[in-house]
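Data first, discussion second: the structure below is written as C-alpha cells.
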Amino acid sequence: ARQEWSMSDFEIGRYIGEGKFGKVYLAREKQSGYVVALKVIYKAKLEKYRFHSHLRREIEIQHSLNHPNVLRLFTWFHDEERVVLVLEYAARGELYKVLRAAGCFTERTAATYVASLAGALAYCHKKQVIHRDIKPENLLLDIEGRIKIADFGWAARSNAKRHTLCGTIDYLAPEMIEKKAHDYAVDNWTLGILCYEFLYGSPPFEADEQDDTLRRIVRVDLTFPSTPCVSSEAKDLISKLLVKDSSKRLSLEDIMKHPWIKKNAEPSGSCIKQREVKKTK
Ligand SMILES: CC[C@@H](NC(=O)c1cc2[nH]nc(NC(=O)c3ccc(N4CCN(C)CC4)cc3)c2s1)c1ccccc1
C-alpha cells in the first residue's frame with residue numbers, strides 16, 4: 001500500500017539551496033539510508049502567491065517523468081504548514097556555478113550536455129511536456145557529472161497558452177517575447193542559447209539593459225566572439241537553433257545527429273576527468 005511519508009521518515013541534513021518558494025535540504029531516508037533532496041515549500045507562501053495550481057502542475061509533471069537527465073521526483077507529502085517534494089539528490093550541484101567557476105566548457109563537455117538535454121527534451125516532448133525554463137540555474141549535475149533538468153515550476157502541458165514572462169529573459173525565445181502561441185520549439189531555441197553559453201561563458205544576446213536584450217533576441221542579433229576559439233561545426237549547430245521562425249529550428253532528433261554532437265558528445269553523458277572518478281571510488 002502507498003506509505004504516507006512524513007518528515008520523521010528522514011534525517012534532515014544540510015541546507016543545499018533555495019528558490020522563490022522553497023528551500024532544499026539534503027536528507028537520508030531512515031529505513032533505506034537512501035540520500036535524497038527534500039524541497040520544502042511553506043503553504044503560507046503558496047497562499048500568498050496563489051501558487052497552488054503551479055505547484056500541483058510541477059508535481060504532476062515531474063512525477064510522471066522518468067529519464068536519466070530529468071531530476072526524479074520520487075514522492076511528496078504535506079503537513080499543516082508545508083508541502084515536501086522528495087527529489088533525486090544531484091551531488092555535484094548547480095551547473096551554472098560549475099560554468100561560472102570554469103568560465104566556459106570544452107567542446108566535449110558542452111556537446112555532451114547539449115546531447116543529454118536534447119535527449120531529455122525529446123522525451124519530455126513525447127510526453128507533451130514543454131519545460132519552458134531551461135537555464136543553467138535549473139540544471140544540476142549528479143555524482144557522475146551527468147546533467148539533470150530540475151525545477152518544473154514553469155513546465156506546461158503542450159496546450160498551455162500562459163504567457164507570463166518568467167525569470168531571466170536571456171533564454172526567452174522570440175515568440176514568447178512577441179506573445180505568439182509558443183510550442184515545443186521554445187525549448188530548441190533555449191538549447192541554442194545554452195550551447196552558446198557553455199562555449200563562450202555568457203548567453204548570446206546579453207546586454208546591459210533588458211530592452212536591448214529583448215531587441216537583440218527578436219532580431220536574432222547573433223555574433224561569435226573570436227575568443228574563445230570555437231569550431232565552425234559548433235557555430236553551425238547554434239546558428240541552426242537560434243532561428244526566429246520556430247518551424248525552421250533544428251529538431252531535437254537532428255541535434256543528436258549533428259556532426260559536432262556526433263564528434264564531441266560522450267555517449268555516457270559523463271565528462272568528469274578519470275582521476276576524479278578514482279577519488280570517488
Ligand atoms: C533548480 C532550483 C531548484 N532546486 C532543486 O529543486 C534541487 C533539487 C536537488 N537535488 N539535489 C540538489 N543538489 C544541490 O542543490 C547541491 C548543491 C551544491 C552541491 N555542492 C556544492 C559544491 N561542491 C563542490 C559540491 C557539492 C551539491 C548539491 C538539488 S537542488 C529549486 C527550486 C525552487 C526552490 C528551491 C530549489
Side-chain angles (χ1 to χ4, degrees), residues 10-29 34-46 48-78 81-103 105 109 113 116-117 120-121 124 129 131-156 166-168 170-171 187 190 194 197 270-273 275-277 279-280:
F10 301 91
E11 281 152 15
I12 310 298
R14 66 186 176 87
Y15 157 87
I16 50 176
E18 79 179 278
K20 194 157 180 236
F21 290 92
K23 285 187 166 56
V24 184
Y25 299 88
L26 189 54
R28 183 203 309 275
E29 199 277 317
Y34 201 78
V35 172
V36 292
L38 293 184
K39 187 182 328 188
V40 179
I41 298 154
Y42 282 89
K43 288 182 174 177
K45 269 252 168 98
L46 283 176
K48 190 170 162 214
Y49 292 95
R50 312 220 41 68
F51 210 67
H52 293 89
S53 59
H54 222 100
L55 179 64
R56 199 182 315 282
R57 181 172 44 247
E58 174 182 351
I59 291 174
E60 170 237 322
I61 287 177
Q62 199 161 359
H63 191 59
S64 71
L65 301 175
N66 183 2
H67 185 277
N69 299 109
V70 173
L71 197 79
R72 288 299 306 283
L73 169 61
F74 298 121
T75 186
W76 69 94
F77 56 90
H78 65 96
E81 72 268 14
R82 295 166 296 196
V83 177
V84 180
L85 309 189
V86 184
L87 292 159
E88 176 184 355
Y89 175 58
R92 284 174 176 262
E94 295 117 312
L95 179 94
Y96 83 94
K97 285 190 179 161
V98 174
L99 178 58
R100 298 287 175 272
F105 291 142
T109 301
Y113 290 165
S116 299
L117 291 172
L121 288 171
C124 290
V129 171
H131 188 282
R132 299 195 304 181
D133 196 15
I134 310 280
K135 58 189 176 194
E137 288 77 3
N138 288 343
L139 301 172
L140 300 169
L141 294 169
D142 72 1
I143 192 69
E144 274 94 20
R146 285 196 186 81
I147 199 164
K148 303 269 178 178
I149 300 176
D151 194 15
F152 281 73
W154 288 102
C166 47
T168 323
D170 284 303
Y171 305 87
D187 287 340
T190 307
L194 277 171
E197 181 164 7
S270 170
C271 267
I272 54 179
K273 293 177 263 323
R275 88 178 112 78
E276 279 176 45
V277 172
K279 200 164 57 186
T280 45

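Residue numbers count from 1 along this sequence. On a predicted model such as this, the values are computed, not experimentally measured, just so you know. One-based numbering, in listed order, for ligands and for the atoms of each.
- Residues Leu194 and Leu139 meet the side-chain proximity criterion, which asks for heavy atoms closer than 4.5 Å.
- By the neighbour-count criterion of 12 heavy atoms within 6.0 Å, atom NE2 of His78 is sparsely surrounded, having that number or fewer from other residues, nucleotides or ligands.
- Other residues, nucleotides and ligands contribute only 12 or fewer heavy atoms inside 6.0 Å of the OH atom of Tyr34.
- Of the protein's non-hydrogen atoms, Asp151 CB, 4.1 Å is the one closest to atom 3 (C) of ligand 1.
- Side chain of Lys23 to main chain of Ile41: no donor-acceptor pair is present (N/O by atom type, distance under 3.5 Å, no hydrogens or angles).
- In terms of polar-atom proximity, Tyr89 is not counted as a contact of ligand 1, lacking any N or O under 3.5 Å from an N or O of the ligand.
- Taking atom 30 (S) of ligand 1 as the reference point, the nearest protein heavy-atom neighbour is Leu140 CD1, 3.8 Å.
- Salt bridge status for Glu137 with Lys135: absent, with no side-chain N to carboxylate O gap under 4.0 Å.
- With a 4.0 Å heavy-atom cut-off, ligand 1 is reached by the backbone of Glu88 but not by any atom from C-beta on.
- Distance check for atom 22 (C) of ligand 1: every protein heavy atom is found at 4.0 Å or beyond.
- Set against the non-hydrogen atoms of Ala90, the atoms of ligand 1 under 4.0 Å away are 10 (N), 11 (N), 12 (C), 13 (N), 14 (C), 16 (C), 27 (C), 28 (C).
- Annotation for ligand 1: atoms under 4.0 Å from non-hydrogen atoms of Glu94 are 17 (C), 18 (C).
- Not one N or O on the side chain of Asn69 forms a donor-acceptor pair closer than 3.5 Å with the backbone of Leu117.
- A donor-acceptor contact shorter than 3.5 Å links the side chain of Arg92 to the backbone of Ile143.
- For ligand 1, the atoms closer than 4.0 angstrom to any heavy atom of Ala91 are 25 (C), 26 (C), 27 (C).
- Without hydrogens or angle criteria, Gln62 side chain to Leu71 main chain gives a donor-acceptor distance under 3.5 Å.
- Under the 4.0 angstrom criterion, atom 35 (C) of ligand 1 counts as having a protein heavy-atom contact.
- Nearest protein neighbour of atom 20 (N) of ligand 1, counting heavy atoms only, is Arg14 NH2, 4.1 Å.
- Distance remark: protein heavy atom present below 4.0 angstrom from atom 15 (O) of ligand 1.
- Looking at ligand 1, you won't find any N or O of Leu71 less than 3.5 Å from one of its N or O atoms.
- Applying the 4.0 Å criterion to heavy atoms of Glu137 picks out, from ligand 1, the atoms 1 (C).
- For atom 19 (C) of ligand 1, the closest heavy atom belonging to the protein is Gly93 CA, 3.7 Å.
- At a 4.0 Å heavy-atom cut-off, ligand 1 touches Ile16 through backbone and side chain alike.
- Heavy-atom contacts of Val24 reach the following atoms of ligand 1: 5 (C), 35 (C), 36 (C) (cutoff under 4.0 Å).
- Under 4.0 Å from ligand 1, the heavy atoms of Lys39 that appear belong solely to its side chain.
- Counting heavy atoms from C-beta on, the side chains of Val24 and Leu87 never come closer than 4.5 Å.
- Counting non-hydrogen atoms of other residues, nucleotides and ligands closer than 6.0 Å to CZ of Arg82 gives a total above 12.
- The pair Glu88-Lys39 does not count as a salt bridge, with every side-chain nitrogen at least 4.0 angstrom from each carboxylate oxygen.
- Short contacts between ligand 1 and Ala37, defined as distances under 4.0 Å to a heavy atom of the residue, involve ligand atoms 9 (C), 10 (N), 11 (N).
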